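See structure below.
Sequence lines set the chain letters: A, B, ... in the order given, protein chains first and strands last, and positions in each chain run from 1. Note: hydrogens, waters and symmetry copies are ignored here, and every other heavy atom, side chains too, is used. No experiment lies behind these values; they were computed from the predicted model shown.
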Amino acid sequence: MDAMDIYRRLLNHFGKQDWWPVEHGFRPREFEIIAGAVLTQNTNWSNVRKALKRMERAGFLSPRAVAEAGSKQLEEAVRPSGFYRQKAERLKMLSQFIESFGSFGEFRKSVTREELLSLKGIGPETADSILLYALGRRVFVIDAYTLRIFSRLGFRQWDSYEEWRKFFENEVLEDTGLYMQYHALIVEHAKMFCRKKPLCSSCPLADACARKA
DNA sequence: CGCCAGGGCCATA
DNA sequence: TATGGCCATGGC
């Protein structure tokens, strides 16, 4: 059983996911995806949605608007997503960084993963989510769930995002659309089966998983 | 009421 | 390098 077999099982069980950039059947602007990637750090998506709505109402859904926004107004808009002071600051720094490219097109074309990671508050998962979901780069997004699940499935024993990311990018030679679906499916699987009382009996990966509960 | 979410930073040892 | 505390709101 390889990584594509796992993908097919998850897709068969959960169906296609309505994650970015196709949530609610409309295509959000790239900056909306970028803001969501920051706002969702350790945060339920329903709270992120509230914050994005407030950002929209306040006119903060563009890099320039956020880069020039007053800190208090930005914090107030972002508040429902939690950690709101940090997140307002991170969004502001990130927006100023985007602005420094001169245009969003230039940012999309030439920004590197290392540059994103060098920004305070942008770690591996946030950077990779931006690169994949907002910029369409073929980057496999790794999160804590991915490490747990694929370790239990007996793939490898690494514990670093970097090693797992390279593994998937060499193992899964597909397009960015599949990468988007795959990460979303992994998260859905974790929410459904690997939280609190594990529901391994109905898990589509149970037969291959080392964890028995 | 307590738990925790589509993380990441920083201090400490 | 590896844990642990911290950030904070809203849903259940």
Side-chain angles (χ1 to χ4, degrees), chain A residues 7 10-11 14-24 28 30-55 57-58 60 71-94 97 113-135 137 139-151 157-165 168 176-199:
Chain A
Y7 173 76
L10 293 176
L11 182 61
F14 291 103
K16 288 191 91 173
Q17 297 301 299
D18 271 349
W19 268 35
W20 320 306
V22 286
E23 191 182 4
H24 286 305
E30 291 135 316
F31 184 73
E32 192 172 347
I33 300 174
I34 291 172
V38 172
L39 295 175
T40 198
Q41 290 173 349
N42 201 43
T43 299
N44 189 305
W45 187 254
S46 71
N47 285 19
V48 175
R49 183 170 298 166
K50 292 177 190 298
L52 285 172
K53 268 283 188 257
R54 291 163 69 97
M55 286 183 72
R57 222 162 16 93
F60 288 152
S71 295
K72 301 302 292 181
Q73 288 94 322
L74 189 56
E75 287 179 5
E76 190 52 36
V78 160
R79 179 185 285 269
S81 73
F83 307 131
Y84 62 93
R85 281 183 284 260
Q86 290 184 15
K87 286 175 178 176
E89 184 180 357
R90 290 172 185 186
L91 284 174
K92 201 172 180 66
M93 299 308 297
L94 178 55
F97 177 68
R113 181 178 142 90
E114 288 66 34
E115 286 173 328
L116 290 175
L117 288 176
S118 74
L119 301 175
K120 181 184 293 189
I122 308 297
E125 189 177 348
T126 307
D128 291 342
S129 291
I130 290 171
L131 290 169
L132 175 64
Y133 289 101
L135 306 185
R137 306 271 182 93
V139 172
F140 202 97
V141 179
I142 304 295
D143 64 355
Y145 295 145
T146 314
L147 269 54
R148 289 215 313 261
I149 295 167
F150 283 84
S151 296
Q157 293 298 343
W158 304 316
D159 58 349
S160 86
Y161 282 30
E162 283 306 292
E163 288 173 305
W164 279 105
R165 188 174 63 80
F168 278 105
T176 62
L178 187 140
Y179 277 35
M180 294 180 189
Q181 285 293 319
Y182 206 156
H183 174 63
L185 287 165
I186 287 169
V187 173
E188 292 309 307
H189 166 272
K191 287 201 281 196
M192 187 71 68
F193 296 113
C194 294
R195 204 182 274 173
K196 300 179 186 174
K197 291 291 183 186
L199 298 172

Practice item. Determine the Euclidean distance between corresponding P atoms of C:dT3 and B:dG6; express it in Å to zero decimal places. Key: 25 Å
Review point. When the P atoms of B:dC10 and C:dA8 are considered, how many whole Å apart are they?
Key: 14 Å
Mind calculating the distance between [atom1] ([X]) and [atom2] ([N]) to the nearest angstrom?
{"X": "A:D128", "N": "B:dG7", "atom1": "CG", "atom2": "C1'", "value": "13 Å"}
{"X": "A:D18", "N": "B:dG6", "atom1": "CG", "atom2": "P", "value": "16 Å"}
{"X": "A:Y145", "N": "B:dC4", "atom1": "OH", "atom2": "C1'", "value": "9 Å"}
{"X": "A:N42", "N": "B:dG7", "atom1": "CG", "atom2": "P", "value": "6 Å"}
{"X": "A:L147", "N": "B:dG7", "atom1": "CG", "atom2": "P", "value": "13 Å"}
{"X": "A:R148", "N": "B:dG7", "atom1": "CZ", "atom2": "P", "value": "11 Å"}
{"X": "A:I149", "N": "B:dG6", "atom1": "CD1", "atom2": "C1'", "value": "12 Å"}
{"X": "A:L116", "N": "B:dG7", "atom1": "CG", "atom2": "C1'", "value": "15 Å"}

Check your understanding: Does A:K191 have any side-chain hydrogen bond (donor to acceptor under 3.5 Å, both in side chains) partners at least two apart in sequence or in another chain, and if so, which?
Key -> A:E188
Revision key, fill the gap. Residues passing the side-chain hydrogen bond (donor to acceptor under 3.5 Å, both in side chains) test with A:E125, sequence neighbours excluded, are none
Hey, does [X] reach any base, or is it just sugar-phosphate, or nothing, if we go heavy atoms under 4.0 Å?
{"X": "A:K87", "result": "nothing"}
{"X": "A:D143", "result": "nothing"}
{"X": "A:S46", "result": "sugar-phosphate"}

Practice item. Check whether the aromatic ring of A:W19 stacks on the base of B:dG6, taking stacking as ring centres less than 5.5 Å apart and planes within 30° of each other. Key: yes
Practice item. Mark this stacking check for A:Y84 against C:dA8 as yes or no, applying ring centres under 5.5 Å and ring planes under 30°. Key: no
Review point. Does A:T126 use its side chain to pair, donor to acceptor, with the backbone of A:I122 at less than 3.5 Å?
Key: no
Exercise for review: Measure from the side-chain N and O atoms of A:E163 to the backbone N and O of A:Y161, and report whether any donor-acceptor pair falls under 3.5 Å.
Suggested key: no
Exercise for review: Ignoring backbone atoms, test whether A:R85 places a side-chain nitrogen or oxygen under 4.0 Å from the OP1 or OP2 oxygen of C:dA8.
Suggested key: yes
Point to revise | Short side-chain N/O contact to B:dC4 OP1/OP2 from A:K191, under 4.0 Å | key: no
Revision key, fill the gap. Applying salt bridge (charged side-chain N to carboxylate O under 4.0 Å, His left out) to A:R79 and not counting sequence neighbours gives A:E76
Practice item. Test A:F168 against every option in A:W158, A:Y7, A:F150 by the ring pair (Phe, Tyr, Trp, His ring centres under 6.0 Å) rule and name the one that passes. Key: A:F150
Exercise for review: Indicate for each nucleotide in nucleotides 8-13 of chain B, in 5' to 3' sequence, whether protein heavy atoms under 4.0 Å reach the base (B), only the sugar-phosphate (S), or nothing (-).
Suggested key: SSS---
Revision key, fill the gap. Closest of B:dA5, C:dT9, C:dA2 to the A:N44 side chain is B:dA5
Review point. From C:dA2, C:dT9, C:dC7, pick the nucleotide closest to the side chain of A:F83?
Key: C:dC7
Review point. Which pairs with one or both residues in residues 113-124 of chain A pass salt bridge (Lys or Arg N to Asp or Glu O under 4.0 Å), sequence neighbours excluded?
Key: A:R113-A:D128, A:R113-A:E162
**Study point:** Geometric class of the A:F140/A:Y179 ring pair [parallel <30°, tilted 30-60°, perpendicular >60°]
**Key:** perpendicular
Check your understanding: For DNA chain C, what are the stems built from at least three Watson-Crick or G-U pairs in a row, each pair having both distances below 3.5 Å?
Key -> B:2-5 with C:9-12, B:7-13 with C:1-7
Review point. With a 4.5 Å limit on heavy-atom distance, are the side chains of A:L91 and A:M55 in contact?
Key: yes
